[in-house]
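Remarks on the structure that follows.
Here is how names work: the chains are called A, B, and so on, in the same order as the sequence lines, proteins then strands, and each is numbered from 1.
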Amino acid sequence: MARDTTALSRRDVLKASGAAGAAGLTGLAGCAGIGGGGSSEYPALGNYPVEGDEVVFGFNVPQSGSYSQEGADELRGYNLAKEHLNNGGGWVDDWDGLTGDGVLGKTVASVEGDTATDPDTARQSATRMINRDNAIMITGGSSSGVAIAVQELCQEEKVQFQCCITHSNDTTGGSCVRYSFREMFNAYMTGQALAPVLAEEYGEGLNFYQLYADYSWGQTQQASMEQFFTEVGNWSQIESVPTPLGTSDYSSYLSDVPRDETDVLVLNHYGLDAANSLPQAIEAGLDQDMEIVVPLYNRLMAEAASDSIGGIFGTADWNWQLEDDASQSFVEFYREEHNRAPSYGARIAYTQTLQYAAAVERAETFYAPEVIRELEGHEYSGAGLGNETMRGCDHQAQRDVLVMQGADPSEQTEDLLLNIVSQTPRDDLGYACDAGPAAECELGDYGDE
Amino acid sequence: MSGDRSGDTNEAVPDGGTVTEEAAGGSGGSALAGLRERDDFVVIATAAALVVFPFLLIDVLGVVGEVIGISIGGYTGLPSLVLIYGIIVIGFNLLLGYTGLLSFGHAAFFGSAAYSAALFSQVVPSPILMVIAGTIVATLLAWPIGFVSIRRSGVYFAVLTLTFGQALYFWALGPGAWLTGGDNGFSGIEAHGLFVGVIPLDAQLIPVFDSYTVMYAFTSVVMLAALWVGNRIINSPYGLIFEALGENEERVEFVGLNVFRYKLMAFIISAVFAGVGGAMFVIHEQYIHPTTGLYWIQSGDFVIMTVLGGTGSLIGPVFGALVFEYVANVISGVSLPMIGSIGSLWRFVLGAVFVFIVWVFPRGIYGAFADLAAMVNGRGGGDGDKPAAADGGERE
């Protein structure tokens with residue numbers, strides 16, 4: 001609701017009417033000048049056209065709630081991207097189309113919002129960015145629930161959304177939208193990358209038992225684990241048990257795990273939840289009787305559970321230890337600014353922002369349908385993970401996935417908590433446009449049909 | 001929590017939403033005539049306030065913001081959002097401020113109405129019918145919840161309502177996910193516009209000021225209706241009994257009235273308001289999620305809004321809703337030159353405002369206005385302070 005359907009917004013009127021402040025009649029007089037401006041080769045749509053010397057990006061991250069630490073690191077990534085877009089430096093110098101002089105000659109400005117890791121708060125914050133601040137692109141989120149909620153809003157408002165941390169299959173599956181793109185991999189790809197490594201490491205024909213966080217991400221996560229562990233390793237599932245999101249005491253769930261039957265325990269928890277469940281599982285001595293797997297690692301969890309993660313397998317979006325040039329330069333300039341290695345949240349934030357800016361430069365306009373067409377099917381490298389494709393049919397990046405193993409507590413440092421076991425190439429991952437999560441995806445309209 | 005409103009009864013306060021109490025206290029034909037007059041006055045004055053409200057919130061604050069370089073202006077959806085919460089807390093205050101019952105589960109009615117309206121929209125995408133459908137569900141739900149909860153008082157009542165609310169929350173998130181969309185939220189809501197979709201809700205009423213949308217007008221009308229109904233209730237003999245219940249339950253019982261029945265009715269009436277608000281919310285947001293609709297923090301927010309605005313008057317809580325939503329949606333996005341982004345500190349800011357208001361003006365923001373008006377009207381400053389001190393919200 002409350003979307004800005006006209007080319008003429010309040011800000012334009014106020015600017016046009018100048019300091020006089022009498023926004024009424026003088027504003028109308030200024031109307032013809034704005035609407036007929038030479039810049040508008042396309043009809044007004046969402047917050048297009050962009051007026052003035054600045055273009056506004058909306059950085060909508062969790063600054064409170066259970067994922068706030070990740071939000072803070074995302075924000076660092078975003079601000080680096082903004083700085084580099086405006087002044088050059090970082091990957092901006094290496095990427096085609098980016099000039100280091102803003103985007104299409106306009107200085108990049110930003111507004112920030114707090115999603116509170118809550119979908120509706122995130123939507124209200126995004127609404128403010130779109131309606132009041134005229135943001136041309138919204139990015140952020142650190143929860144699949146938030147990403148799905150905000151991307152639906154952006155589809156309605158015809159404003160671009162660049163996903164940050166969101167790992168649920170639904171984001172580019174059943175809930176996908178035309179106006180949203182995802183650089184991060186998903187639960188399905190985690191299953192594809194992790195299952196062969198585990199089958200090799202632990203053997204075939206084992207029994208596994210799952211606990212999962214009972215929400216969008218956890219549900220698709222456990223379903224993908226079940227599928228691939230069963231297919232790849234010929235394992236069989238004993239049971240899969242939901243735990244409420246935000247549980248702090250997992251002892252009753254853990255005590256239900258049948259110790260003599262279970263070979264592998266899969267903890268499909270993220271963030272604080274994982275930081276609680278994993279140490280509790282170790283404390284209960286489950287690691288003596290079985291192997292434990294945490295499918296999706298993140299730094300918050302690795303730090304909080306640092307004593308427990310030794311030897312435990314999982315996947316990650318990206319890691320600072322990667323040796324390619326792009327990764328190394330990102331680590332370097334991030335470290336210069338913030339004095340420690342970036343988490344993968346910062347890389348996604350940085351990458352997603354540059355991807356959008358580069359697409360705008362290629363399209364030579366901020367007009368969203370053209371920018372979207374530039375991103376669809378775009379092949380790129382230089383984002384730290386080798387060659388990637390932003391697939392057109394579901395807006396899911398096809399890229400490599402890292403399988404990680406927790407470092408032994410004795411060798412851990414502030415930055416080094418996980419070791420890279422393998423980088424599964426994208427050709428071994430993914431799924432066709434009519435298979436897996438993509439089969440459920442209907443992207444919706446461009447807005448210029 | 002019973003606000004004794006005698007402090008502002010004798011003053012003709014030149015404020016939009018003032019509800020004076022003469023008729024409630026008085027009796028006879030002249031008082032009835034006074035009631036009618038006041039009804040009109042309340043509705044007309046509020047309508048006038050509603051006309052300028054978006055202009056002040058968005059355009060004036062927007063210009064001020066551009067001058068001082070900090071974005072403090074609202075956005076187009078905000079005025080409607082404030083009014084929607086305003087509708088809810090008017091009803092909530094009937095329960096808390098007048099009847100003296102602190103419910104911690106009103107999110108149940110808000111959320112169930114929101115989900116019902118959302119589901120209903122899949123069949124009939126009419127905003128007005130969505131509101132009706134949502135409200136009916138909330139009302140039907142309030143009856144059994146009230147029936148059980150009212151049997152206990154004080155903290156037990158609060159916890160019982162909280163429990164029912166949380167039960168619904170977990171249901172919507174887990175077992176009911178097939179219906180509610182679970183953690184992915186419920187979107188795809190089809191509210192086509194008023195009058196069989198002829199007038200889209202996001203159309204602008206006045207070309208230049210995009211703050212005046214059809215949605216805002218629609219919300220304003222519902223707000224006025226809610227206010228009118230609320231005013232009729234508290235100025236009726238029925239409402240007097242609510243008030244008496246808040247003052248002293250035992251005495252009401254000794255008079256021979258069925259306390260349980262009146263308390264249940266107060267509970268249901270407040271749930272109706274929450275239901276209307278919930279359905280309006282889903283029309284406005286086009287999205288509903290269990291955390292917003294049903295989580296206990298939402299109920300807590302209603303309490304905070306009500307107490308912040310002032311429980312002692314009908315319109316008071318609406319000011320609370322305004323401050324709450326303004327801090328949550330605008331201040332949270334402000335970046336200050338020295339301090340940086342407010343971001344997640346918005347609840348801290350809200351807490352500071354809350355402590356300040358409750359400390360200095362125990363009757364809330366409305367009480368502060370009333371005292372100010374009393375001072376302007378020639379009463380001495382000391383006198384003006386007196387009602388506030390004498391009937392603080394903390395008196396039980």
Notebook entry, point to check: Given the rule in the side-chain contact (heavy atoms from CB on, under 4.5 Å) test, do L173(B) and D214(A) qualify, once you have shown the distances and angles that lead to the verdict?
Noted result: CA-CA 8 Å; L173(B) 207 54; D214(A) 195 7; over 6 Å; no
Next item on the list: Name the member of S144(A), A149(A), G113(A) that forms the most heavy-atom pairs with chain B at distances under 4.5 Å.
Entry: A149(A)
Next item on the list: Sort out for me which of S187(B), S80(B), A177(B), G181(B) touches chain A most, counting heavy-atom pairs under 4.5 Å.
Entry: S187(B)
Item checked: Whether R128(A) side chain and N329(B) backbone form a donor-acceptor pair below 3.5 Å -> yes
Check: Taking every heavy-atom pair that is under 4.5 Å apart, which of S332(B), G73(B), G182(B) has the most such pairs with chain A?
Finding: G73(B)
Check: D114(A) versus chain B, heavy atoms under 4.5 Å apart: side chain, backbone, both or neither?
Finding: side chain
Next item on the list: Identify the two heavy atoms, one from S175(A) and one from N184(B), that lie closest to each other, and give their separation to 0.1 Å.
Entry: OG-ND2, 4.1 Å
Check: Can you tell which of A116(A), P242(A), G145(A), P119(A) has the highest number of heavy-atom pairs within less than 4.5 Å of chain B?
Finding: P119(A)
Item checked: F281(B) vs D120(A), side-chain contact (heavy atoms from CB on, under 4.5 Å): CA-CA, chis, key distance, verdict -> CA-CA 11 Å; F281(B) 182 82; D120(A) 197 68; 3.3 Å; yes
Notebook entry, point to check: Which atoms of E325(B) come close to chain A, meaning under 4.5 Å heavy atom to heavy atom: side chain ones, backbone ones, both, or neither?
Noted result: side chain
Note to self: Is V330(B) close to chain A through its backbone or its side chain, or both, or neither, when contacts mean heavy atoms under 4.5 Å?
What the structure shows: both
Margin query: Does R123(A) form a side-chain contact (heavy atoms from CB on, under 4.5 Å) with H289(B)? I'd like the steps, not just the answer.
Written below: CA-CA 11 Å; R123(A) 274 176 73 104; H289(B) 185 273; over 6 Å; no
Checklist line | Rounded distance (nearest 0.5 Å) linking atom CZ of F186(B) with atom CD of E152(A) | finding: 11.0 Å
Item checked: Per-residue contact mode, Y212(B) against chain A (heavy atom under 4.5 angstrom) -> neither
Notebook entry, point to check: What part of E112(A) is in contact with chain B, defined as an atom under 4.5 angstrom from a non-hydrogen atom: side chain, backbone, both or neither?
Noted result: both
Next item on the list: Could you grab the distance from atom CD of Q286(B) to atom OG1 of T127(A), nearest 0.5 Å is fine?
Entry: 10.5 Å
Item checked: Heavy-atom proximity to chain A below 4.5 Å, by part of L345(B) -> neither
Margin query: Looking at every heavy atom in both R132(A) and S71(B), which two are closest together, and how far apart are they?
Written below: NH2-CB, 3.3 Å
Notebook entry, point to check: Given the rule in the side-chain contact (heavy atoms from CB on, under 4.5 Å) test, do Y75(B) and Q124(A) qualify, once you have shown the distances and angles that lead to the verdict?
Noted result: CA-CA 10 Å; Y75(B) 57 92; Q124(A) 280 171 14; 4.1 Å; yes
Notebook entry, point to check: Counting only heavy atoms not in W296(B), do more than 12 fall under 6.0 Å of its CH2?
Noted result: no
